[in-house]
Amino acid sequence: MDIIIRKSIKEDPSPLKKLSGMGFDEKYESSLPPELVREQTIARVTGVRKNLFLVNDGHEERSAAIVGKFHHQAPGTLLFPATGDWVVLDNGRIAYVLPRKNALSRGASGRQGKKDSTAVENQVIAANLDWVFIVCGLDRDFNIRRIERYLTLVYNCGCTPVVILTKSDLHDSPEPFVRQVEAVSFGVPVHPVSAVERTGIQALAAYLAPGKTVALLGSSGAGKSTLVNFFAGKEIQATREVSQHVGKGVHTTTTRDLIRLPGGRLLIDNPGIREIAFWDVGGTAGSAFPEIDAWAGSCRFSDCTHTGEPGCRVRQACLNGELEQERLDSYLKQMRELDYLAQRKHKSADRVEKERWKSVSRKQKQMKKYGKPGR
Ligand SMILES: Nc1nc2c(ncn2[C@@H]2O[C@H](COP(=O)(O)OP(=O)(O)OP(=O)(O)O)[C@@H](O)[C@H]2O)c(=O)[nH]1
Ligand SMILES: [Mg+2]
Ligand SMILES: [Zn+2]
């Protein structure tokens, strides 16, 4: 059954009630353009397949194609549906993507460096999230520098991170790892858990409130799907066989799916991420390195790059032993990457402008030749 959104939406809240089970609230409702407040169906994207999207209107899940305009628009002019998006359906096809609260995105892997306009297109992992679980195994997966990169990625996407350290059963005590992460994550909650011993997992229930959406992010084999299955209380996501555990580059989960758990809790399981490529959303590395940001305020030069200028408080912190060299290196590397992205964005904007003028002059030439445009 379709959910009918009419002008009388306020008088009849029942259709939206069903959607609230999928995480819909008044903020999304008020962002609906008035021209769409007529007989339309609203649904949430729960999965992305090759040429189709899975959508759930709070009542049932079905597949939906997109309307033609998505195929004809220049990249970046229209929001393209991603898992977690709220969409307006028109005759069963996705016609519009509602403005996002936030979106976890990264540079499209494999496309960087190509000269076409899609080279700078970002890849939305998931949209409209309340929490992002950065899942990291306490095995070979554990890497503090990688956690720093995840934190920058999540902050720059406007999302709220939580660090989950899985496989705590592999150690007598996970506490030293927790301390290490806490030392670089400044107030971000850090939870050690074990799916094998079923410890620590209950603490995560606090994030999984009804109508809240949590996305799981982390390398392949970190234990994301194992967590999903734990919360679901059954095997709904395939997890890697222990015997295959050493096999590198195998992704057990291959799709990004929004899973609705009993009680309206919403989880987005993701394929493992091999490389954390940033995407320019005007962010900095500062949010994930607040102590460095604070010291930077005391550097002699306001535009200090902390790479050798005199009076650099950040380098001083390193010399004093207040700051680890590795952490400063990690910060500088992230800053370089983000600067590069910002420059690239500028360049592409220039190119867009050039192309616009090219098309204007082409039109002018046509006008001279044929007298009037449009003939
Ligand atoms: N010892 C131990 N092993 C675990 C734990 N959680 C998960 N594993 C194992 O880790 C392996 C990978 O788990 P998955 O849940 O498939 O990992 P994933 O993050 O979903 O991996 P991808 O889907 O490839 O991204 C499996 O063999 C799990 O049994 C844990 O708490 N302790
Ligand atoms: Mg998985
Ligand atoms: Zn400095």
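Because the structure is predicted, anything quoted here is derived from the model rather than measured. In each ligand, atom 1 is the first atom listed, and ligand 1 is the first ligand listed.
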For [X], is at least one N or O under 3.5 Å away from an N or O on ligand 1?
{"X": "S225", "value": "yes"}
{"X": "P271", "value": "no"}
{"X": "S168", "value": "no"}
{"X": "G223", "value": "yes"}
{"X": "L170", "value": "no"}

For [X], the ligand 1 atoms whose distance to one of its heavy atoms is below 4.0 Å:
{"X": "A222", "value": "17 (O), 19 (O)"}
{"X": "D169", "value": "1 (N), 2 (C), 30 (C), 31 (O), 32 (N)"}
{"X": "T252", "value": "22 (P), 23 (O), 24 (O)"}
{"X": "S194", "value": "31 (O)"}

Quiz prompt | N/O/S atom of T253 inside 2.8 Å of the Mg ion (ligand 2), strictly under | solution =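 Yes - counting backbone and side chain alike, T253 has an N, O or S atom under 2.8 Å.
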
Quiz prompt | Heteroatom N/O/S of S225 within less than 2.8 Å of the Mg ion (ligand 2) | solution = yes

Exercise. Tell me which one of V193, D269, T226 gets a heavy atom nearest to atom 6 (N) of ligand 1.
Key: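 Nearest heavy atom to atom 6 (N) of ligand 1 lies in T226.
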
Less than 4.0 Å between a side-chain N and a carboxylate O, is that true for [Y] and [X]?
{"X": "D141", "Y": "K167", "answer": "no"}
{"X": "E309", "Y": "R315", "answer": "no"}
{"X": "D25", "Y": "K101", "answer": "no"}
{"X": "D57", "Y": "R44", "answer": "no"}
{"X": "R146", "Y": "E148", "answer": "no"}

Quiz item: Hey, which N, O or S atom on H306 ends up closest to the Zn ion (ligand 3)?
Solution: ND1

Exercise. Could you walk me through whether R149 and E337 pass the salt bridge (Lys or Arg N to Asp or Glu O under 4.0 Å) test, one step at a time?
Key: CA-CA 11 Å; R149 286 183 72 80; E337 281 177 49; 3.0 Å; yes

Quiz item: Can we call the ring centroids of Y207 and F133 under 6.0 Å apart?
Solution: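 Yes - the distance between ring centres of Y207 and F133 falls below the 6.0 Å cut-off.
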
